[in-house]
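Worksheet: the structure to be examined is printed underneath.
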Amino acid sequence: MTRLLLRRLRDLLVILVVVGTMMFFVIRLIPGDPALAILGPTARPADVAALRSAMGLDGSLWEQYLSWAGHVLHGDFGSSITYHQPVLGVVLEHIPPTLTLAVLSSVISFLLSVAVTSWYAVSPRNPLARALDRLSALGMAIPDFWISLVLVLVFSVTLRWLPSSGYHSLFTDPVQALPALVLPLVVLVIGQTALFVLTLRESMLGELPLAYLRTARAKGLSESRVMLRHVLPNALMPLITQLGSNFAMLVGGIVIIESIFVIPGLGHLLMGAVSTRDFPLIQGVTLFVALLFVLVNLLVDLSYAAIDPKVRVS
Amino acid sequence: MRRNRTLVLAAGALGLIVLIVLVLPVFLPSVSATDPVHRLLPPSAAHLLGTDSYGRDVASRLVSGGRASLGLSALITVCAAATGLVIGLVSGFFRAADAVLMRVMDAWMSFPAIILAMALAISLGASLWTELIALTVIFTPFTARVIRSRVLAVASRAYIGAARVSGMGRWKTLLVHVFPNVLPLALVQVVVLAAAAMLVDGAMSFLGLGIAPPTPTWGNMIAEGRSYLVTAPWLVVVPGVTIMLCVFLLNLVGSALRQAVDPRARTLHELQRLRTRTT
Amino acid sequence: ATQNSGTDGPPVRGGNLTVAVPTDPQSLDMVANPGQVTAQIGNMMYEKLFEVDRDFTARPMLVDNYTTSQDRLVYTFTLRKDVTFQDGNPLTAADVVASLDRWRKAHRTGQLVSPDIDSITAGDPHTVQLRLKRPRYPIIDELASPGTEIYEAKNLAGLPATGFGQDKAIGTGPYKLKSWDIGQQLVLQRYDGYKSRSEQDWGGQAGAKHAYLDTVTYKVVADQDALVNGLQTGQWDHAMPTNDQYESLKANPAVVVHNLPGGNENVIIPNFTKGSRFADPRARQALNLLLDKPAINAATGGSKDLTIETGAFASPDNKSFYSTAGEDVYRQHDPARAKQLLAEAGVPAGSTVHIVTTNSYPEFGKWAVLLQDELSKIGIQTKIDTYDFATMLGTLTKDPAGWDLTTLFFDSALTSPAQMPALTLGTLNGSSSAELDALLAQFNASTNADQAKSTVDKLQDLTWRQLSVITLSQSRLYAAYSPRLKGYDNFYRIFWNSWLAP
Amino acid sequence: MALLELDRLSVGLVTEHGDRELVHELSLDLAAGRTLCVVGESGSGKTVTALSIIRLLEFVAPVRTSGQIRFDGEDLTGLSPDRMRGYRGRRLGMIFQEALDSLNPAQRVRRQLVECYPRHLREQAEAKARALLTEVGLTDTERVLNLYPHQMSGGMQQRVMIALALMSDPDLLIADEPTTALDVTTQAEILALFDRVRRDHGTACVFITHDMGVAAQVADRIAVLYRGKLVEIGDRDEVLTAPSHPYTRALLACVPQLGVSRREGFPTISEALLDKGEVATETLVLPPHEHPVDGAPLVVDGVSKVYGRSGRSLRAVDEVSLEIAPGEFFGLVGESGSGKTTLGRMISALETPTSGTISFGAHRCTPKGLLGSEREFRRATQLIFQDPQSSLDPRHTAARIIAEPLRELIGLRGSELDSRVTELIAEVGLPADTAGKLPAQLSGGQRQRVSIARAIAAEPSLIVADEPTSALDVSVQGQVMNLLLHLRRTRTLSLLFITHNLSLVLSVADRVGVMYRGELVEVGEPEQIRLAPRHEYTRRLLAANPELPRLPEPGLLNR
Ligand SMILES: Nc1ncnc2c1ncn2[C@@H]1O[C@H](COP(=O)(O)OP(=O)(O)OP(=O)(O)O)[C@@H](O)[C@H]1O
Ligand SMILES: Nc1ncnc2c1ncn2[C@@H]1O[C@H](COP(=O)(O)OP(=O)(O)OP(=O)(O)O)[C@@H](O)[C@H]1O
Ligand SMILES: [Mg+2]
Ligand SMILES: [Mg+2]
Ligand code: NI
């Protein structure tokens, strides 16, 4: 266990270095720079250059990189060019909304997909279970902004049940936070659940013919218990992988959802930073997304070990 | 036998869509001819599916957009599924490769996709090929990870040891014993990828990284129609429903194919059928 | 939607107004950040020596009165005496000098005006002297233009080009910064020490200001759908949605929809740089002949209410700059002739025109598509590259000859040529010319409105002859807001003198 | 009244080409507290019958049943799935044939054992689990409770399976070859346990076995199945001493007995003779040694295997040294969990030893892995896995599985390959239609023979056979043994034959080794082991070997 953790820590560092470095150079490859973005189309090249230098963007790429890397090593992620604030603070401020959405939607989709799939597995003849199972693939094919807008039109604009947008912290202001979270969560959950159901169904089907289920049934366990306690845990691995990857993607940016529901999250921040070419901020966000991503994957790997003893032993 | 009927029906329907998409545009007027006077017309006899904000005929755009959408989605799916499958198989089966490959995948996945796509599109120029490369690059690690997790489970089964005793090489074992066991999962991934590709294409166009306008794709039709969701809902509904239909059909074909490649699934199918009939 | 009439009743003090803005202001320094949102929030916080009224005419604000020397080279401004900054410090001449010096150095308009300025000096704590090298007709208008806000001198010392942070965002206006959650919302709060001018409200940004609202909250809402939905559900009280949304909002009885003065000049910009397909004037003429402007406007304008079919670079509301010169060129439409001219200019059928545009404003992409369609009708092919705004600018400047056309829009309520991108676009597309410079000098040398107006006509005419930009139309802006918002002057995001009906 | 009554039970498999009958009109009954042994040919439908009684077959195969299964007067075939579930566990318990596959690979033993108890009774359940594990001879209860199935030896798995079935004190216990993976001492304990359970709870038992000795020990009545039909049922003594059906008689005649050498071949049942109703056994006459015995010996030198990390480590094999000459038949017996399989896996280089080396000709297995060409090594050495089910790819047909070494190691292709596969299928006594079946569609014995056919296909010079005949009836067992003996006569073939069947190994091996707790405690010739065992454990083994009651002379059988 400790060995795994140590190894992961090493991997984490490697990934952060690689991603940070790649990002540093990649964003500078894309035409356009922050000075130009601020000064606009009629700016004189000299002014652009002056502003650029005031932003610390003169000097060769390597010099810039080394200076940035040096600062990062000392825990200094620089200052956002557009917001004039330390990157760390800006990023930390934008993490909670994204994390709230990502965690909640992942958990809900996970539970929901497990419920739908097991229900169908337990009672394949129930028409509703069957329909849910069959139609789940459609969930993936629904454009998320489309379903968002429809839901907002119905539940916010017409029925006035839920706010059409906004974000409040779940911890400091749960009464306002919950209603505002409902619609974005629903949208995220629809797409993810569809994906999870497909994955899980496939992997559960793979378990069904295995002999250990016979034993479970011979104990007189109910069919639901057989599915939930025996088939499911054994079939969970691909789903958990899927969950991990998806979570990573959510953390990296639910841009559309965040913008439709006006949620100040990381995706929104990143998009904004890209459009203003706020290099330090882009780099900072990227490093944090990578960090979250690796941590999530560590969790995923640990849960592999919890689920499949053979993986743990070897 | 029911299995075959679904397969035939679903595959036939998909085939029909492909055929329409391939053949019909030849007989349709230009998809880029604008006609501002007749913009945002609801579906009517003259314009079966209405017109868009430029006054272009949605039906002909839908049909010709299918070319790019289906073609692109098929290419992306094939490329991403194939590379993901190979990487997943190799890294799940060969411990030594795993450490390296999975870390590469991790780094790859934790790199924000938008920026990756932008960098690619700008360095290579936005085109169908850029989009293909960008989406393949973005989707591959997801497939790879899912496949790998199944490979890990399969690799610990005793019959893998038995294959070794039978003198089968590691690579061949991978192909003969491991691959068929992950194939059903790979088929699911194909459906997932195809759906995602058709939709993401719209987002890419929105970022200016996709197929250049006015060439229609279902994805960018949805993206363009977005601002008219209330006033001209058909602009979004029509391509959206088309995508859903294709995904649904693909899903059907996928599960039917799974039964075809997996003898055990066939038995299961029979079983389910018996169970649903008796009692 | 009901129109806001004069029957708003007596003002009510208190309450919070929530306003949706499309982006975070990012910086509250109006010199370092010329962005729209920054300007609109800044106008609530800061004040200039002069401010524009509803007709975009400059009126004194921090200046009590001023005198002009006979030779029109020396302006002496007497400042109002009772004005204090939001941190309690009194406004002094030193503050004005420091602020204007920075404007000359760091702001685009200031830089353009600067060569004419000899010095800006403080006489006594309440007088400021501006000496010019040569007479400059629009100088008062320019002192009412964005970038000339008066900040405290102590806050400006040693500032980097990137501007000041929110701790120094202190002005003399009726509202001051209360809180700012980056990317999320910004809250302004009434500045209780504000001393209003005594005049009747001149409208616009000028005249008496009464802060009835306790707070004004600016919410960052980038997404258009979210903007409209939130407006309908009462998440915010005021928004300026895109023109696409106009008709449906107008039909909605729960919101008030009203036009704003001024608007945008929508332009197609041909590249003059050698190597571009439009370097040859005939090619530009051809382009103008080709474009079916009414059709393009119909397909992109959102509503007839919002489109003014004019080739002018200023809005009709901007009386001193609105000119109908060159209107005949604007209205020309002859695709056949266009084809012929293009061929003469070395752009035969079958060539490819490279359009670089951005998706940051939906209209741009649409113009590009329509343009493409019209070009294709005369056998010219097009390659459209659509990028986000920053990338587009980067692409345009990185390879000055690598593009043929681009699309932009400009504010049409600007009050001097130095502020007008349409006239200062030379850095972007290489359209500067001696003739233009001479006309600009001529304008600055005007002594009265009539003279100035006749130069404006020449400038407008020159634009249509050179075709440094091809104007498609003017779009009017509009605000959509809750019927509870009373006393609102329908002037952008100016909310003093406004209140919320209980 | 009988507790269990089968009334003309038929089980048919639904296939695309109509139904195929697996069990035909089976009628029998069993009173409470009694034990019915079911013996019979491998693949004759014993497991199918057992699974039909508890109605678990319908979950894994599309079947149609007709006839009645009356349990306590209630016809089980007509029950709703819910009501049927109520019978399972508490009233009907089952021990499955292949233990490894029948345990959930992802759950610890503890969880699997206590699962059928409601939550508030968990402590009670755990106490009971401990007691049962001790009773089945897994005295190291704490460790065992915390193991996952793949961490246990075959015997341990089987005992856990037994404990599992006994957890809820069923009224009827269906035990499908419950002791095949157990050494005879442990088997004796288990049989005693069954007896105790039967006395204490009045549990009736359907006991499926291939071991006539075991049947003789536990049965009240014996039923004999042949090709899906019940050919004989009666009291134990009657069936064993005066069998009426020729098949039964032949079966009994094939049972190996201590002290009877079978080195020249085993008797088997000839179907042709059986159909004629004559003496149905025949004994193959092996060809004489017709070739010089050459090749390299297998040398195991001080090999140990330690599982787990320091702290909770386990020495599965402890400093074992051993040499098997070319052509030698080396039998390895020993306590369950004593490290036999582990040793076999190390010899076949599936597992690397923690210390020591194993050399076979030019090949050497060391802690660093296998040195030299793996392909050559595989050609020379083959392994028959202890648990056939999990060692067969569930997606491959029997023919494909058998063809694998032929392709990979010999390079056969096309029709040559097909004909060799067909040959091999016949050689191990499988019906020809086995070729196209998937492992899940085969009986336990059939799977085991597929696994044997795979191992002998490449004509290796060393076979590590890990209990290759445990699931086979005596006749088929004879057939397989004959095959191995035949191979040994025609070529140089060394055998490391791991088994629990003392009678079998002592009647045929050249030398026999006894393992106990990871160590090789005794090696000697069969006669020496049988008559003059040196180690205490060997003596216990011999004492516990179940024997048939003295059989009437063969002549009598032919009457
Ligand atoms: N799931 C299945 N699908 C198809 N055929 C099956 C299935 N299970 C068993 N059979 C067939 O039914 C027959 C009887 O099998 P069964 O398992 O009952 O034999 P058995 O008497 O238990 O043999 P053994 O002693 O070898 O275990 C075999 O020929 C086998 O091939
Ligand atoms: N992968 C493993 N991890 C941990 N312990 C193991 C593993 N495999 C086997 N063991 C342990 O090693 C010991 C020897 O097991 P092995 O399978 O060699 O016994 P065996 O002699 O073959 O027994 P049986 O006759 O019951 O098959 C057992 O105590 C078992 O629990
Ligand atoms: Mg059996
Ligand atoms: Mg063993
Ligand atoms: Ni069928």
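In what follows, chains carry the letters A, B, and so on, assigned in the order in which the sequence lines appear, proteins first and then strands, with residues in each chain numbered from 1. What you are looking at is a predicted structure, and each value in this text was computed from that prediction instead of being measured. The analysis underlying the following values was restricted to heavy atoms, covering all of them including side chains, and did not include hydrogens, waters or symmetry mates.
Closest approach of D/Gly436 and D/Thr397 over heavy atoms only: O-CG2, 3.6 Å.
At a cut-off of 3.5 Å, with distance as the only test, a side-chain donor of D/Ser470 or D/Gln448 sits close to an acceptor on the other residue. For the 3.5 Å distance criterion, the side chains of A/Tyr212 and D/Gln107 fail to qualify, holding no donor opposite an acceptor.
A/Val107 pairs by the side-chain contact (heavy atoms from CB on, under 4.5 Å) definition with A/Val103, A/Leu111, not counting sequence neighbours. Residues that satisfy the side-chain contact (heavy atoms from CB on, under 4.5 Å) test with A/Leu170, not counting sequence neighbours, are A/Thr100, A/Leu104, A/Ala177, A/Leu178, A/Leu181. Residues passing the salt bridge (Lys or Arg N to Asp or Glu O under 4.0 Å) test with D/Arg88: none are found, sequence neighbours excluded.
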Apply side chain to side chain contact (heavy atoms under 4.5 Å, CB included) to D/Gln151 and D/Met156, showing your working.
CA-CA 9 Å; D/Gln151 292 172 315; D/Met156 294 165 76; over 6 Å; no
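Inspection of non-hydrogen atoms places D/Arg111, D/Gln112, D/Glu115, D/Cys116, D/Arg119 of residues 110-119 of chain D under 4.5 Å from chain A.
Taking chain A as the reference chain and counting heavy-atom pairs below 4.5 Å, the highest number among D/Gly86, D/Ser102, D/Gly93 is found for D/Ser102.
Interface remark: A/Arg229 contributes backbone and side-chain atoms alike to the contact with chain D (heavy atom separation under 4.5 Å). The part of D/Leu164 that comes within reach of chain A is its side chain, from C-beta onward, which places non-hydrogen atoms under 4.5 angstrom from that chain. Residue contact with chain A, scored on non-hydrogen atoms closer than 4.5 Å, is absent for D/Ile95. Neither the backbone nor the side chain of D/Met84 comes within contact range of chain A, judged by heavy atoms closer than 4.5 Å.
Annotation: D/Arg90, atom CZ; neighbour count of heavy atoms from other residues, nucleotides and ligands within 6.0 Å does not exceed 12.
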